[in-house]
Amino acid sequence: MDEIYDPAAVEAAAQQHWRALDAYRSKEHDPRFPKGKFYVCSMLPYPSGKLHMGHMRNYTLNDVVYRFMRSSGYNVMTPMGWDAFGLPAENAAIDKRIAPAKWTRANIADMKAQFAPMGFAFDWSREIATCDPSYYRWNQWLFLKMLKGGIAYRKTQIVNWDPVDNTVLANEQVVDGRGWRSGVPVEKREIPGYYLAITRYAEELLQQVKNDLEGWPAQVRTMQENWIGRSEGCEIHFPYAPDTREVVESDGALKVFTTRADTVFGATFMAIAAEHPIALAAGRLNPRLSAFIDECRHGAVMEADLATQEKKGMATGLHVLHPFTGKPIEVWVANYVLMGYGEGAVMGVPAHDERDFEFAHKNRLPIVGVVKSKTGAYDQVREPWIAPYSEYGITVNSGEFSGLEFQAAVDAIAAALQSRGLGCKRIQYRLRDWGISRQRYWGTPIPIIHCEVCGAVPVPEEDLPVVLPEDLVPDGTGNPLNKDERFLACTCPVCGKPARRETDTMDTFVDSSWYYMRYCCPDAPVMVDERTDYWMPVDQYIGGIEHAVLHLLYARFWTKVMRDLGLVKVNEPFKQLFTQGMLLAHCYYREDTNGKKRWFYPAEIEQQFDERGTPISAVAREDGKPVSYGGIEKMSKSKNNVVEPGAFIERFGADTARAFVMFAGPPDQSAPWSDASAKGVHQFLKRLWSFCYDHRERITSAPALVAASLGGGLKKVRHELHTCLQQALFDYQRTHYNTVVSATMKMLIALESAKGQPEAAPLLREGVSILLRTLYPIAPHVTHVLWVQLGYARELGDLLDAPLPAPAQDALRQDELELVVQVNGKLRGRVTVPAGANEDAIKAAALADEHVRKFVDKPIRKVIYVPGKLINIVV
RNA sequence: GCCCGAGUGGCGGAAUUGGUAGACGCAGCGGACUCAAAAUCCGCCGCCCUUAAAAGCGUGUCGGUUCGACUCCGACCUCGGGCACCA
């Protein structure tokens, strides 16, 4: 055994040992693990080329779960793969003139190499890259199944359009309402695309996230519930007035959905989206309105932009009729109403809706109060707006429906609407169908052929996969597939005439919606096979909180579609979910003359902080001139604020890196990266090594521990050890790994306090064996080597599968307890009592304490005793 | 704008969920060892008033519930994540 801890040598030896065992290859029904399977999976990384500390934290968590569950006796499987399609590869292509396929595969090789020194327990035999045809052919295959089942369908979608580069922009490529490369304001444009009908599953997705997913964090469940957004309300039809009938050249009615049917008599205007057929028809006759509709087309499609923009509207001059009074109501075009949501129209009730109130006020529209406050907050609505106006109350000025409470009014109005054929009760969801078409090259080709005669025809199953050519280089002016004759040219599978291939590719969320099922059977000649039935559901899924809604909702939906097609048996893919917080880092940029931002890597920057650690300024190393501060954000390639683990591992070793990212803070919380305190963790591992080295002979030759014969001092040390163990096991199970590291540090402190006593050897032997096994999932290399060197492996087997230590009840028991004495809730003293003392004796002891007596200067009203904790005397 | 989180010493954080606020570590200060430095080891370390002890004040802000609040309730401030084409 070496005297000095040498992480590089230790880690090489441990990894060699695991390689020789092929330790992480997992198989179904492995008889070595009678407790059954445990599938732990981390969200697969995008191969950006740089493995950063955020990845490290994520996959260390994954590895700790793997090792802890394997120590607990489970057949654990943990795979790894690559979310290999997507925008960054196209951006790299534009920048570096290199084909996305080449760039992506080189990055995968780089990142895999960067994983190696960390000692992660991945079963690499299950590796997947989503850009491989052997994977994405099943995206295409399932898409065709969905098309057949009506889950996939075609309709128009609204996208960000860059009028200079003539290309569709992703939301990320829109910066302050302008195209990121051209710098010109973006416009909305309608184009056709494919949708998946996730809304058909809205109710099941909602019910299960509410009631079944108990292993998920409450905040994620709430976010999904709110995202699905079920609301019960009424559909109301406002028949076209003669002027509208004339302009749109048809009979009909404007349909709206409302949760406040009780306020229908207060509707004083209707607001419709700029793309609504009535708006378009009215615009053809009215140049000013047409200009306004045009103006609404400016700007991006992001909800955050729409919600914060100034609310604007213009009258169409056309009318619809109130379903009960028959009075005409003017129709307005409003920029805050969206065609994609509901019916693209809302009824404006300014008296009882704050947004409608503002709109009416600004446009001098009438405000008619039709609800009276139940609590007496108001009788009549008048300016300014107060919150109670939107509360439920009693209907007034509502004809035959006056004098009703909210629910009674809604019921009566809905019934009346239904009998006239002008509406009904309806449940509406905020959730919208999932648009999967992307006008981009680097993704799964949508398996459709466009024929002039037969229209959009699905590619026959036997012709799958539709292979993406890998040698194209995008240049920022649209999808290069559109110019690639080899890809475009094909024949119609129905009529045999020459046809064109669809060039849109699928959203990359499709790739990540089912990869965790393919890991179970990566070589299957079908989408999934019986091995998937063995491993699914994922027992522990781990990933960033930023995926709380979209990815996790799509994956749940996709699983249900596969279930309904008989491909899998589970209803839900992820039994337990752990959402780890992100590592954040300061970011810095400079703007060029076009307003385009260049983001600096940390290594390119010299930072200055004030004494509180707040960044005050920074300069670029290249020219010594200041750069702008972009705040503290999640580590990501797009902001270049990534910290790579290479140098850290070289300096301290992988075990320090692993233990430090776990020790740095609670794993479910985001934290800014700093390695300032990494030294402490490294010193701990060094001290642990030295301790084992110094006492190696006592430990290996110690007789078995006889608890009853321990002296008072050693008994206390053993109590401390087992208390720490109990806490660590509890914290493992609730994923508080930061305090597991603390617990192992305390164990070492306890052992160090006992080492001087000659009769301590059996306790050292027990203590070190507990410490090593407790620390092992977090720092597996150093604990493995010490485990072998100190002879524990001969007795308890390889540390990979050695049983978890269990706290000894006799060690946890104490002869005496120290209790806190409070007077009126303030700490005033302490008393030490025998463990079995009764309540009256304890109270008497507390009152006898002289510090306590000083504060008991009034009659005692009450004495509260919390067993084992404290006594509170209320005077 | 809407939805979801977080805010505790100089810093990262702990407090088994209403019962001793500051565990464990970093930084800092003092000491031992050393010719010296590094490494290592020992001690101190929320604020305030003090020679000391004791008291008082302290968990973003303001208010409430309770014998007792970092923890529960209400309002607000700041920061982070998401908002459907970044992944």
Side-chain angles (χ1 to χ4, degrees), chain A residues 43-46 48 83 86-88 91 157 159-160 168-174 217-220 222-223 225-227 229 301-309 336 340 355 431-440 507-509 512 544-551 553-554 579 581-582 584 611-613 631-634 636-638 663-666 668-672 674 676-681 683-684 686-687 690 726-727 730-731 734 736 738-739 741-746 749 818-827 830 851 854 861-864 866 869-870 872-875:
Chain A
M43 292 177 190
L44 80 181
Y46 180 81
S48 61
D83 190 13
L87 201 55
N91 295 341
Q157 52 180 348
V159 296
N160 302 309
V168 175
L169 297 179
N171 284 340
E172 195 191 45
Q173 297 172 312
V174 178
Q219 53 159 311
V220 175
T222 309
M223 278 190 258
E225 275 178 47
N226 292 341
W227 185 265
V301 297
M302 290 113 93
E303 192 186 308
D305 282 10
L306 296 166
T308 49
Q309 75 185 352
Y336 62 86
R355 192 174 62 178
L431 181 68
R432 312 195 308 254
D433 278 346
W434 175 15
I436 58 157
S437 290
R438 299 290 179 269
Q439 295 65 48
R440 262 182 269 288
D507 180 3
T508 55
F509 276 125
S512 54
I545 183 67
E546 71 270 31
H547 295 293
V549 175
L550 291 179
H551 158 61
L553 198 62
Y554 292 144
T579 47
M582 280 158 300
L584 313 174
E611 71 272 15
R612 298 185 66 98
I632 184 159
E633 293 194 52
K634 70 172 169 177
S636 82
K637 193 77 197 321
S638 60
F663 183 60
D668 59 346
Q669 265 165 50
S670 298
S674 157
S677 59
K679 212 181 106 193
V681 175
Q683 275 168 339
F684 165 61
K686 286 206 299 207
R687 255 171 58 217
S690 305
Q726 193 176 37
Q727 178 230 309
F730 179 73
D731 287 344
R734 57 171 192 166
H736 287 202
N738 51 332
T739 49
V741 179
S742 302
T744 59
M745 288 173 169
K746 286 191 214 173
I749 290 171
E818 191 187 62
L819 299 179
V820 164
V821 186
Q822 297 180 333
V823 179
N824 286 348
K826 288 205 161 148
L827 172 67
R830 291 158 206 277
H851 281 300
K854 267 200 290 196
R861 280 195 12 224
K862 205 175 354 170
V863 178
I864 291 152
V866 182
K869 289 248 159 85
L870 59 73
N872 188 14
I873 299 158
V874 186
V875 299

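In what follows, chains carry the letters A, B, and so on, assigned in the order in which the sequence lines appear, proteins first and then strands, with residues in each chain numbered from 1. The analysis underlying the following values was restricted to heavy atoms, covering all of them including side chains, and did not include hydrogens, waters or symmetry mates.
Contacts of A:Thr308 with the nucleic acid, taken as non-hydrogen atoms under 4.0 Å apart, include base atoms. Using a 4.0 Å heavy-atom cutoff across all strands shown, A:Val174 reaches no nucleic acid atom at all. Note on A:Glu303: a base of the nucleic acid sits closer than 4.0 angstrom, heavy atoms only. Within the nucleic acid shown, A:Pro666 comes within 4.0 Å of sugar-phosphate atoms alone, with no base atom in reach, counting heavy atoms only. When heavy atoms are screened at a 4.0 angstrom cut-off, A:Val863 is found touching no nucleic acid atom at all. Counting non-hydrogen atoms under 4.0 angstrom, A:His551 reaches nothing in the nucleic acid. Counting any heavy atom pair closer than 4.0 Å across all strands shown, A:Ser512 reaches no nucleic acid atom. Residue-level contact check: A:Ala664 touches the backbone only, with heavy atoms under 4.0 Å from sugar-phosphate atoms and none from bases.
Side chain of A:Asn872 to backbone of A:Val821: no donor-acceptor contact under 3.5 angstrom is found. Listed for the A:Asp668 side chain is no donor-acceptor partner under 3.5 Å among the backbone atoms of A:Gly581. Side chain of A:Glu818 to main chain of A:Lys869: no donor-acceptor pair is present (N/O by atom type, distance under 3.5 Å, no hydrogens or angles). One N or O on the side chain of A:Gln173 and one on the backbone of A:Ala170 form a donor-acceptor pair closer than 3.5 Å.
Separating the CG atom of A:Leu553 from the C1' atom of B:G82 is a distance of 13 Å, rounded to the nearest angstrom. Between the CG atom of A:Asn226 and the P atom of B:G5 there is a distance of 9 Å, rounded to whole Å. In this structure, A:Glu172 places its CD atom 13 Å from P of B:A84, rounding to the nearest Å. Between A:Asp668 atom CG and B:G7 atom P there is a gap of 11 Å when expressed in whole angstrom units. Whole-Å rounding puts the A:Arg861 CZ to B:G68 P distance at 9 Å. Going from atom CD of A:Gln669 over to atom C1' of B:C79 covers 13 Å, rounded to whole Å. Following rounding to the nearest Å, A:Glu225 (CD) and B:C83 (P) show an atom-to-atom distance of 19 Å. Spacing between atom CZ of A:Phe684 and atom P of B:C41 amounts to 13 Å, rounded to whole angstrom units.
The separation of B:U66 from B:G7, taken at their C1' atoms, amounts to 24 Å, rounded to a whole angstrom. Between B:U8 and B:C83, the two P atoms lie 27 Å apart (nearest whole Å). Across B:A27 and B:C11, the matching C1' atoms stand 7 Å from one another, rounded to whole Å. With C1' as the reference atom, B:G12 and B:G28 are 16 Å apart, rounded to whole Å. Rounded to whole Å, the separation between the P atoms of B:U20 and B:A15 comes to 13 Å. Comparing B:C26 with B:A32, their C1' atoms sit 22 Å apart, to the nearest whole Å. If you take atom P in B:U17 and the same atom in B:C72, they sit 13 Å apart, rounded to whole Å. Distance noted for atom P between B:C73 and B:A6: 12 Å (whole Å).
Residue A:Asn824 places no side-chain N or O under 4.0 Å from the OP1 or OP2 atom of B:G68.
Annotation for A:Phe663 and A:Ser742: closest pair CE1-OG, 3.5 Å, computed over non-hydrogen atoms.
Residues A:Asn171 and A:Val301 are in side-chain contact: their nearest non-hydrogen atoms beyond the backbone lie under 4.5 Å apart. A 4.5 Å side-chain heavy-atom check between A:Ile436 and A:Phe509 finds every atom pair outside the cut-off. Counting heavy atoms from C-beta outward, A:Ile545 and A:Met223 have side chains that approach closer than 4.5 Å. Side-chain contact between A:Arg830 and A:Leu819 is absent, with no heavy atoms from C-beta onward closer than 4.5 Å. Put simply, the side chain of A:Leu553 does not reach to within 4.5 Å of the side chain of A:Trp434, judged on heavy atoms.
Glycosidic conformation, B:G9: syn, with the torsion inside 90° of 0. Look at B:U61: its glycosidic torsion is beyond 90° from 0, and that puts it in the anti range.
Where RNA chain B pairs in unbroken runs of 3 or more (Watson-Crick or G-U, both distances under 3.5 Å), the stems are B:1-7 with B:77-83, B:10-12 with B:24-26, B:28-32 with B:40-44, B:60-64 with B:72-76.
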Worksheet item: How does protein reach along nucleotides 16-30 of chain B, written 5' to 3' as B (base within reach of a heavy atom under 4.0 Å), S (only sugar-phosphate), or - (no contact)?
Response: BB-BB--BBSSS---

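Nearest-nucleotide positions on RNA chain B for A:Trp434 and A:Val220 put A:Val220 closer to the 5' end. Along RNA chain B, the nucleotide closest to A:Val874 and the one closest to A:Leu87 are compared, and the more 5′ of them pairs with A:Val874.
Checking B:G5, B:A87, B:A84 against every side-chain atom of A:Asp83, the shortest atom distance belongs to B:A87.
In the model, A:Asp83 has no side-chain atom that pairs as donor or acceptor with a side-chain atom of A:Ser512 under 3.5 Å. No hydrogens or angles considered: a donor-acceptor pair under 3.5 Å links the side chains of A:Gln727 and A:Asp731.
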